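See structure below.
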Amino acid sequence: MSEPHYLKISDIQRCSGKRVAIDTETTGLNWWECELTDIGLYCPDAGVSGVISTLDYGVAAEAKAEIQRWSPGTVTILHNAKFDYHFLNVNPRDYGWNCIDTTVLIHLLDSRYLKSLVSAELVFLGENSKRGYVESAPAKTKIWNWPPDLRAVYCENDAIVTYQLAEELVPQITDWGLWGLFEKDMQYLAIILDIETYGIVADQEFMANSKRALDKRLVFLAEQLYEAVGHEFNWRSTKQLSKALYDDLGIAKPKNPFAGADGIDHSRFADAGKYKSTCTSTFLLTEKVHHPCGELVSALRETALMISFLKKWHELVATDGIFHSNFNITGTRTGRLSSSKPNLQNVPSEVRGRFTQSVFTGDTTRTDEYNLRKAFVARKGMTFLSVDYSQMEIRTFAILSKDPNMLTAITSGEDVHLYIALKIWGDCGPEINKIHREWSKTISFGLLYGMTVGSLQYKLNMDRARALDVIAQYKNYFPRIDPWMREIIERCKEFGYVRYWSGRIWREEDPIYFYRGCNALIQGGSADMLSIAAIRVSEWCRSQKNPTDYHIVNLVHDEIITEVPEWDVERCAKEIAELMQVEDIFGIPYVTEPKWGPSYGDIVKKGKDASEYEKKKNEFEEQYEDIEEEVEA
DNA sequence: AAATCGTGCGCG
DNA sequence: AAAGCGCGCACGATTT
């Protein structure tokens with residue numbers, strides 16, 4: 001092992017204004033409760049290479065303060081910058097530093113690359129310098145428990161590798177014409193750093209009440225099921241469930257819809273084991289197996305899932321009652337954001353079961369203990385303001401494909417799906433129009449994602465000829481759909497990638513997946529637009545008279561949620577909704593819709609009756625009592 | 001005992 | 001219940 005190079009506090013200032021790679025080691029991943037153990041710096045222009053050991057709290061504070069004195073224009077280079085910045089308690093934007101995050105460089109070159117430093121070094125520098133250190137460390141020991149000298153050389157090495165990666169990758173990014181997009185993503189990263197730091201408050205009382213009610217509900221439902229079947233079993237196991245329903249209870253098992261007249265599945269999927277012979281999906285159980293046990297299992301699954309959300313959240317909420325979720329800008333194939341610990345992008349809402357397997361089966365409203373968005377609340381005196389885009393992806397499709405009729409549809413100001421349905425199939429009376437509207441929705445989203453005829457006939461329960469006819473009518477009305485899709489597939493064939501309006505590159509070499517490029521352009525193109533909107537909203541927040549009262553708290557693909565003073569919400573709604581239209585980008589406004597309320601589960605459009613909240617609350621209390629009685633009985 | 005895969009489902 | 005895109009997470013079953 002090489003000797004560690006311990007730096008003096010005074011060495012830190014030598015990096016100011018220069019290109020400096022930073023790597024930190026810490027006592028854990030949770031930056032809001034863990035400590036820095038080391039700060040590695042590599043700045044060849046200043047002749048600095050080494051580590052500040054920050055095990056001493058005073059030294060850590062001193063080192064952080066010195067770093068904060070770096071002048072504007074200092075180029076900080078980090079691998080997964082958000083992590084280190086959280087521990088250093090700084091946002092590079094606030095100090096005028098440039099930031100180069102090497103994971104983002106990699107992601108922009110090809111979103112399929114793994115982002116770990118080991119993998120990056122191997123792919124782009126052809127080495128694995130970490131291995132030696134890891135092998136000389138005590139087996140299965142966390143880095144923060146390593147001997148300090150070993151950790152120091154490891155940390156310094158990571159900083160050096162990060163610097164080398166930037167040297168290698170920045171010219172590649174420039175060559176591909178991606179530098180502008182990279183700078184945008186670095187601005188985005190700074191905002192996400194703010195969002196994570198500020199966090200979102202947990203309503204732990206709601207979580208506890210909801211959990212209690214759901215636990216009882218689960219026991220009650222399970223007992224019902226076991227009684228019906230005649231014995232206990234693990235309903236979570238598809239194997240055991242299949243046996244209980246179709247063998248023990250003798251319910252008729254749904255026929256394989258892909259089987260031919262001889263009852264045998266001759267499709268190309270049959271051998272691949274794609275047909276799940278247990279037949280226990282919720283879709284089958286509720287739509288095809290008409291038996292109360294199907295409903296029971298469906299309710300059990302929903303209840304169990306809600307409980308698992310609550311259990312996870314209980315572990316994740318910090319001691320100050322705040323969630324510090326993690327948003328990853330390099331986590332998806334298309335350029336969307338992903339969220340974890342907790343995932344703030346898949347929180348169950350009040351509306352349940354809109355679709356089962358994408359087949360419309362009617363909306364139902366969840367009672368309060370199932371409306372888990374209520375677990376996220378605004379701080380005292382504040383309110384959540386959620387502004388989302390209407391039909392964002394259809395709008396992006398219209399703009400990218402320049403389909404004249406689709407552009408008219410989205411700028412008409414009408415209900416887009418109904419508008420399309422009426423244009424294609426005419427006014428057939430309210431009942432039939434409703435069906436046509438569902439068709440239109442299924443086809444619109446299906447086409448965007450590359451749905452096949454077979455799938456549509458299955459989804460809409462039509463024969464092949466009818467499904468083909470419906471698609472033909474749709475495509476006949478929107479003449480640019482087919483040509484646009486063909487162009488994208490052609491580009492994939494020719495270049496091995498397609499470019500978004502933003503310049504982002506989506507790569508694919510396998511012809512069987514070229515069709516996914518259409519979805520990537522729409523989904524990812526929308527994501528790049530939302531990120532720009534978020535950057536502007538963040539700037540707006542910081543330009544307010546009292547900026548500490550205005551924060552973004554969540555981003556959900558087509559929605560920006562801010563926390564603003566309750567008294568000021570109407571003005572905020574108006575200004576942010578307008579700002580988010582970003583009309584300057586395409587010359588066409590993205591229509592936005594503001595809603596607000598005291599919790600994420602209780603945001604409604606302006607004008608909705610406040611007594612609605614009290615009404616639901618009472619229903620919750622009643623239902624909770626019912627469950628208590630049910631269980632006791 | 002731990003890692004990985006398969007299934008299922010929440011969201012857009 | 002495969003066929004339409006993109007995620008994160010929990011759990012059972014299976015593999016190492």
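Predicted model only: the values in this text are computed from it and were never measured. Numbers restart at 1 for each chain; the letters A, B, ... are given by sequence-line order, proteins then strands.
- Base engagement by A/Arg336 is indicated by at least one non-hydrogen atom pair under 4.0 Å involving a base atom.
- The ring of A/Trp439 has its center no closer than 6.0 angstrom to the ring center of A/Tyr474.
- Taking the side chain of A/Pro348 as heavy atoms from C-beta on, and the options B/dG10, C/dA13, C/dC11, the nearest nucleotide is B/dG10.
- Both A/Lys288 and A/Leu456 lie near DNA chain C, and the one whose nearest nucleotide falls closer to the 5' end is A/Lys288.
- Here the P atom of nucleotide C/dG6 and the OH atom of A/Tyr513 are 10 Å apart, to the nearest Å.
- The distance between atom OH of A/Tyr370 and atom C1' of B/dC11, rounded to the nearest whole Å, is 19 Å.
- Residues A/His86 and A/Trp32 place their aromatic rings such that the two centres sit no closer than 6.0 Å.
- Remark: A/Asn346 is not in phosphate contact with B/dG12, judged by side-chain N or O atoms under 4.0 Å from OP1 or OP2.
- Rounded to an integer number of Å, the gap from CD of A/Gln240 to C1' of C/dA13 is 11 Å.
- Listed nucleotides B/dG8, B/dG12, C/dG12 differ in distance to A/Thr278; the shortest reach to its side chain belongs to B/dG8.
- Taking only side-chain atoms of A/Val556, from C-beta outward, the nucleotide of B/dG8, B/dG10, B/dG12 with the closest atom is B/dG12.
- Distances shorter than 4.0 Å separate some side-chain N or O of A/Ser338 from OP1 or OP2 on C/dG8.
- Contact annotation: the side chain of A/Glu393 approaches that of A/Tyr449 to within less than 4.5 Å [non-hydrogen atoms, C-beta and beyond].
- The side chain of A/Arg301 lies closest to B/dG8, out of C/dC5, C/dC7, B/dG8.
- Atoms CH2 (A/Trp235) and P (C/dC11) sit 10 Å apart, rounded to a whole Å.
- Summarising the geometry, the separation between NZ on A/Lys239 and C1' on B/dC5 is reported as 14 Å, rounded to the nearest angstrom.
- Of the candidates C/dG6, B/dC11, B/dG10, B/dG10 carries the atom nearest the A/Asn343 side chain, counting heavy atoms from C-beta on.
- Nearest nucleotide to the A/Lys312 side chain, out of B/dG12, C/dA10, B/dG10: C/dA10.
- If you check C/dG6, B/dG10, C/dC11 against the side chain of A/Thr334, the one that comes closest is C/dG6.
- Exactly one residue among A/Trp313, A/Phe206, A/Phe384 makes a ring pair (Phe, Tyr, Trp, His ring centres under 6.0 Å) with A/Phe376. That residue is A/Trp313.
- Whole-Å rounding puts the A/Ile443 CD1 to C/dC5 P distance at 18 Å.
- A sub-4.0 Å separation between OP1 or OP2 of C/dC5 and a side-chain N or O of A/Tyr515 is present.
- The CG atom of A/Leu555 sits 17 Å away from the P atom of C/dC7 (whole-angstrom rounding).
- Checked against the 6.0 Å centroid criterion, the rings of A/Trp501 and A/Phe586 qualify as a close aromatic pair.
- Of the candidates C/dG12, C/dG6, B/dG12, the closest approach to any side-chain atom of A/Asp558 belongs to B/dG12.
- Contact annotation for A/Lys341: backbone-only contact, meaning every heavy-atom pair under 4.0 Å involves sugar-phosphate atoms and none involves a base.
- Comparing atom distances between the A/Gln523 side chain and each of C/dC11, C/dG12, C/dC5 picks out C/dC5 as nearest.
- The shortest distance between the side-chain N/O atoms of A/Thr280 and the OP1/OP2 oxygens of B/dT7 is not below 4.0 Å.
- Contact annotation for A/Gly446: base contact, defined as any heavy-atom pair under 4.0 Å involving a base atom.
- When rounded to the nearest whole Å, the span between CZ of A/Arg395 and P of B/dG12 equals 18 Å.
- Residue A/Arg333 places its side chain closer to C/dG6 than to any other of C/dG6, C/dA13, C/dC9.
- A 6.0 Å sphere centred on NZ of A/Lys184 holds more than 12 heavy atoms belonging to other residues, nucleotides or ligands.
- Side-chain contact between A/Arg366 and A/Glu302 is present, with at least one heavy-atom pair separated by less than 4.5 Å.
- The side chain of A/Thr238 places no N or O atom within less than 4.0 Å of a non-bridging phosphate oxygen (OP1 or OP2) of C/dA13.
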